[in-house]
Protein chains: 2
Amino acid sequence: MRETTLRDVADLAGVSPRTVSNVVNGYARVTDATREKVERAIAQLGYRPNVLARNLATGRSGQIVVVVPYLDTPYFAELLQGIIPAARKLGYNVLVDQTDGDREHEGELIGRGSRRFLFDGMIFSPLGLSQEDLAVRDPDLPLVVLGERVSDGTFDHVGIDDVAASTDAVTHLFSLGRRRIAAIGDQPYPTGEAAQLRTQGFRAAHAAHGRPVDESLIISTARFNRADGATAMAALLDHADPPDAVFCYSDLVASGAIHTLHQRGLRVPEDVAIIGYDDIEDGRYSSPTISTIQPDKKAIAQLAVERLIKRITSTEPVPGVELRAEHRLIARESTLGIS
Amino acid sequence: MRETTLRDVADLAGVSPRTVSNVVNGYARVTDATREKVERAIAQLGYRPNVLARNLATGRSGQIVVVVPYLDTPYFAELLQGIIPAARKLGYNVLVDQTDGDREHEGELIGRGSRRFLFDGMIFSPLGLSQEDLAVRDPDLPLVVLGERVSDGTFDHVGIDDVAASTDAVTHLFSLGRRRIAAIGDQPYPTGEAAQLRTQGFRAAHAAHGRPVDESLIISTARFNRADGATAMAALLDHADPPDAVFCYSDLVASGAIHTLHQRGLRVPEDVAIIGYDDIEDGRYSSPTISTIQPDKKAIAQLAVERLIKRITSTEPVPGVELRAEHRLIARESTLGIS
DNA sequence: CTGAAAGCGCTAACAT
DNA sequence: ATGTTAGCGCTTTCAG
């Protein structure tokens, strides 16, 4: 049994497809009498428009896609809580796609792929793709990039000032009297730009305090997960001269690091102070609660959505801009102790 | 400047659209010579198929949607880590939609909405929709429901045995010598079926141990979040005769409860033992690590995807089945203490 | 205010 | 193996 189409409705109502379309979309004025006739037919037939056909005809879908490396990273999950309502309010539905940070998959998505037509625009958080890879993107796809890449002028970029934020974090540790500060999360390779900016801030804070950086206290990790933090912390504790504080490049890393410290019977912050990054909910409830850098997620979400939709709706080419959201340091028990 | 179409390619290559389509889709055999000609034309024109047009013509999209109430619930995020690869392996792309547990939004999605055509099928985790509401669903939409609803025979349902799992959790607390056991997370209203099954298990365990249930130790919460757990635990501690153990209906609730206990200077599990539900990663790293019920998420994901795709591809109507994944009790520090 | 008809870009039945 | 062509279901220009 075939789906009922707009034409079926038109036939039953005794009007033309044009009129039915008008009624369905609230276009043009339609006589109340006609409208009612049509609506009755729609109800009777259980008609629903085929959104695919509509999209094909109009060339727009009303959907935007948010592409993230991992959906189980709380930072993204929390960011989406801002993005989704912001987009809905502006009449767009949000769908989410996970890439696993896979370079190829990411490339397909921003490239001139055929899925292009499914979405009016994309908010993209790259992981596997280097800055250069971004260049091969589809120039027709309205795009906003999240994170640490710099716009090439054809898309917008929104993030926070990672270097400054990282400097703040490490400065906080210095101000607490810590002197041997480690860093967990560096990624010294092309796609590790986010991590490298944080390392840069780590160094800047040392410089500002006239302290040399002990390179052996900078631990690289493949990702920013709990497991990475746990492993790296273990390595630091096996160091001949272990740190008295650690700057972790995410709250998940911090959570893993704290886990290892507890396993080894060490206290946080008495033995080792820990500060994270992202301000995920987890850190507000864990024991100890985790000091962190709090990016203004709502602002990031709002900016990203606004820019994207401006890009979608504008007929002129929109120049790409760099948008910077605020951040602040939130000091909690993992550095201050229990008050 | 118009997008280049299949017809443009055909013209340039001097073949018919049919042949280009064949080449693009790897259909029928095409002479190597022709194929090459076509491919050259495609490259030269930068052609990409319009997936919308294709979907409209074929009536399928190759996409399935996973609908969850909240993306920032780790349980769903972790479940998706199983669903996405399973679906990709079978040739389907996965998109995720968040409903905020909103009844209306959920209803639209499973109802005969126009978005129906965007997806070949849906894996749906309802929250705002009651068992009855499910009945108004679009009968043509291949559907697999996750969680605690029971299939009406027109869709599949996959979950674990919540009553048994909850009984196990509470029995574990009894076996540790705890006598005053509380429960956090009941939801005594139509959409709280999941919660009610857990409460049922809570009661069953009491019955099995010949212990009466103290109704004042069953705390209802609106959701299963950390904040809910924290608030409920505070209420329990203000009880004239506080519990010595708590069964929390999610690990997030457990995390919140532990937070409150620590704030009040109480020890877990010495003063109060805590067990959660879901086995999210958080609980494996927190202090103390959280005892929990571990649903076999990989199995749930795999079953859901398999059934859905069977439903999508089958021409005959597929009878709805109830699928049950395994669960097991994982005892960690929050009940056993530090060993 | 409504009708007729030409696409949107692709697939696939039918023909050769 | 490839060409022809009629749709898929909707929107929208152009008439009336």
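Within every chain, numbering begins at 1; the chains are lettered A, B, ... in the order of the sequence lines, protein sequences first and strands thereafter. Quantities reported herein were computed from a predicted structural model and do not represent experimental measurements.
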Which pairs would a plain distance check flag for residues 40-47 of chain B, meaning a side-chain donor or acceptor within less than 3.5 Å of a matching protein atom at least two apart in sequence or in another chain?
none

Just list the side-chain donor-acceptor pairs under 3.5 Å for residues 6-13 of chain A, sequence neighbours left out, or say none.
from	atom 1	to	atom 2	distance (Å)
D8(A)	OD1	R2(A)	NH2	3.2
D8(A)	OD2	R2(A)	NH2	2.8
D8(A)	OD2	T5(A)	N	2.8

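Atom CG in D11(B) sits roughly 14 Å away from atom P in dG9(C) (whole-Å rounding). The distance between atom CG of L6(A) and atom P of dT2(C), rounded to the nearest whole Å, is 14 Å. Spacing between atom CG of D8(A) and atom P of dG9(D) amounts to 9 Å, rounded to whole angstrom units. If you measure from atom CG of D32(B) to atom P of dA1(D), you get 11 Å, rounded to the nearest angstrom. Atom-to-atom, CZ of F117(B) to P of dC10(D) comes out at 8 Å; the value is rounded to the nearest Å. Rounded to a whole Å, the CD atom of E3(B) is 17 Å from the C1' atom of dG7(C). As a whole-Å value, the separation of L45(A) CG from dG9(D) C1' is 15 Å. We find that CZ of R7(B) is positioned 12 Å from P of dG3(D), with the value rounded to whole Å.
Set against dT2(C), dC10(D), dC10(C), the side chain of R54(A) has dC10(D) as its closest nucleotide. Closest approach to the N22(B) side chain among dT11(D), dT2(D), dG3(C) is made by dT2(D) (side chain taken as heavy atoms from C-beta onward).
For D138(B), the salt bridge (Lys or Arg N to Asp or Glu O under 4.0 Å) partners two or more places apart in sequence, or in a different chain, are R48(A), R116(B). Annotation: side-chain contact (heavy atoms from CB on, under 4.5 Å) contacts of A77(B) (sequence neighbours excluded): D72(A). With sequence neighbours left out, the side-chain contact (heavy atoms from CB on, under 4.5 Å) criterion links S314(B) to E316(B), V318(B). In this view, D97(A) and R115(A), R88(B) satisfy the salt bridge (Lys or Arg N to Asp or Glu O under 4.0 Å) rule, not counting sequence neighbours. K37(A) pairs by the salt bridge (Lys or Arg N to Asp or Glu O under 4.0 Å) definition with nothing, not counting sequence neighbours. With sequence neighbours excluded, the residues satisfying salt bridge (Lys or Arg N to Asp or Glu O under 4.0 Å) with R311(A) are D156(A).
Contact annotation: S21(A) does not reach the phosphate of dT12(D) (side-chain N/O to OP1 or OP2, under 4.0 Å). Taking only side-chain nitrogens and oxygens, N55(A) never comes nearer than 4.0 Å to OP1 or OP2 of dC8(C). The side chain of T19(B) places no N or O atom within less than 4.0 Å of a non-bridging phosphate oxygen (OP1 or OP2) of dA1(D). Dashed line: the shortest gap from a side-chain N or O of T34(A) to OP1 or OP2 of dT2(C) is under 4.0 Å.
Paired with I300(B) under the rule side chain to side chain contact (heavy atoms under 4.5 Å, CB included), one option of I160(B), V305(B), I83(B) passes, and it is I160(B).
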Close N or O pairs between protein and nucleotides 14-16 of chain C (under 3.5 Å):
from	atom 1	to	atom 2	distance (Å)
dC14(C)	N4	R18(B)	NH1	3.3

Under-3.5 Å N/O pairs linking protein and nucleotides 6-8 of chain D:
none

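Residue V15(A) is in sugar-phosphate contact alone, with no base atom involved, counting any heavy-atom pair closer than 4.0 Å across all strands shown.
Note on the helix from dC1(C)-dG16(D) to dT16(C)-dA1(D): terminal axis deviation equals 30°, with five pairs used at each end and the result rounded to 10°.
When each of P49(A) and P17(B) is assigned the nucleotide of DNA chain D bearing its nearest heavy atom, the one mapping closer to the 5' terminus is P17(B).
Judged by distance alone, the side chain of S61(A) and the main-chain N or O of L118(A) form a donor-acceptor pair under 3.5 Å. Between the side chain of Q98(A) and the backbone N or O of V68(A) there is no donor-acceptor pair closer than 3.5 Å.
Each side-chain hydrogen bond (donor to acceptor under 3.5 Å, both in side chains) pair with one or both residues in residues 122-134 of chain B, not counting sequence neighbours, appears once here: R103(B)-D133(B), S130(B)-D133(B).
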